[in-house]
Amino acid sequence: RCETHRPGSEPASDPTEGSATLPALNDVTLPANLSFEEWEAIGQRLRHIEKNRLWWWGDWLLYGETHFPDRYSQALEASDYTIGVLRNAMSVAKTFPASCRHDVPWSYHESVAHLPPDERELLLNRAEEKGYTREMLREAVKMTKQIKAGIDPFVELNALIDKLIRFLATMDDKENATAHAIRRLN
């Protein structure tokens, strides 16, 4: 299903550029003569690390579960994350192997992980193409569930529109009423 290569579908690279040793530093010491471009590149790298950290945890845990099934739970306890966060990261990584990951944040994948594969793919494609926020994606997931359950997702909106129309009809000064209604909607 996810065999097609997509930009950003490569496994997230190690934050130390391929080294198996992670830095133990809790600060960043920068040379005094950095150019703006070099400084900006460091910021991009930090954003990349932040964006992909839960993918790395999930992939790392999947590896541990497979290769060290009798001992990997000890590593879970050594993390600063709760067991729930780590299990969630592992579940999302298992649901979305590297070839199925879209160029959207990890949290978007988490929002659709419980859906059937075709729906996940459709919603993530839309989020990617149309620039959905996480909230917009979650709303799309909610609407998808409502439609599948035979519920009109616009019932609440239709009720509000009807209420607004009734309100406007009661106003003597239609122009003033419209302006008042618009102010209340904002």
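When reading the values below, keep in mind they use all heavy atoms of this one structure, side chains included, and skip hydrogens, waters and symmetry mates.
Ile147 and Leu115 fall into different hydrophobic clusters, where Ile, Leu, Val, Met, Phe, Trp and Tyr side chains are chained together by heavy-atom contacts under 4.5 Å.
For the pair Arg120 and Phe96, the cation-pi test (distance below 6.0 Å, angle within 45°) is passed.
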Please lay out, stage by stage, how His102 and Tyr108 fare under the test side chain to side chain contact (heavy atoms under 4.5 Å, CB included). CA-CA 9 Å; His102 289 249; Tyr108 287 40; over 6 Å; no
Kindly indicate, with the supporting measurements, whether the criterion side chain to side chain contact (heavy atoms under 4.5 Å, CB included) is fulfilled by Ile42 and Leu34. CA-CA 10 Å; Ile42 292 169; Leu34 274 180; 3.9 Å; yes
Between Arg87 and Ile83, is a side chain to side chain contact (heavy atoms under 4.5 Å, CB included) present by the stated rule, with each step listed? CA-CA 6 Å; Arg87 290 192 193 279; Ile83 297 296; 3.2 Å; yes
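The side-chain heavy atoms of Asp103 and Glu128, taken from C-beta on, include a pair separated by under 4.5 Å. Annotation: side chain of Leu54 is not in contact with side chain of Val92 (no heavy-atom distance under 4.5 Å). Side-chain contact between Arg101 and Trp55: present, with at least one pair of heavy atoms (C-beta onward) separated by less than 4.5 Å.
If you run side-chain contact (heavy atoms from CB on, under 4.5 Å) between Val141 and each of Gln146, Glu119, His114, only His114 comes through. The only option from Lys142, Glu135, Arg138 that meets the side-chain contact (heavy atoms from CB on, under 4.5 Å) definition with Ser111 turns out to be Arg138.
Across all their heavy atoms, Leu61 and Met90 have their closest contact at CB-SD, 3.5 Å. The shortest heavy-atom contact between Pro69 and His67 is CD-C, 3.4 Å.
Checked against side-chain hydrogen bond (donor to acceptor under 3.5 Å, both in side chains), Glu50 has the following partners two or more places apart in sequence or in another chain: Arg53.
With 3.5 Å as the limit, one finds no donor-acceptor pair spanning the side chains of Glu110 and Ser107.
Taking the ring centroids of Tyr63 and Trp60, they lie at or beyond the 6.0 Å cut-off.
Within a 6.0 Å radius of CG in Asp70, other residues, nucleotides and ligands contribute more than 12 heavy atoms.
Listed for the Asn52 side chain is a donor-acceptor partner under 3.5 Å among the backbone atoms of His48. With hydrogens and angles ignored, the 3.5 Å screen pairs no side-chain donor or acceptor of Glu121 with any backbone N or O of Asp118. No donor-acceptor distance shorter than 3.5 angstrom exists from the side chain of Tyr132 to the backbone of Arg126, with no hydrogens or angles considered.
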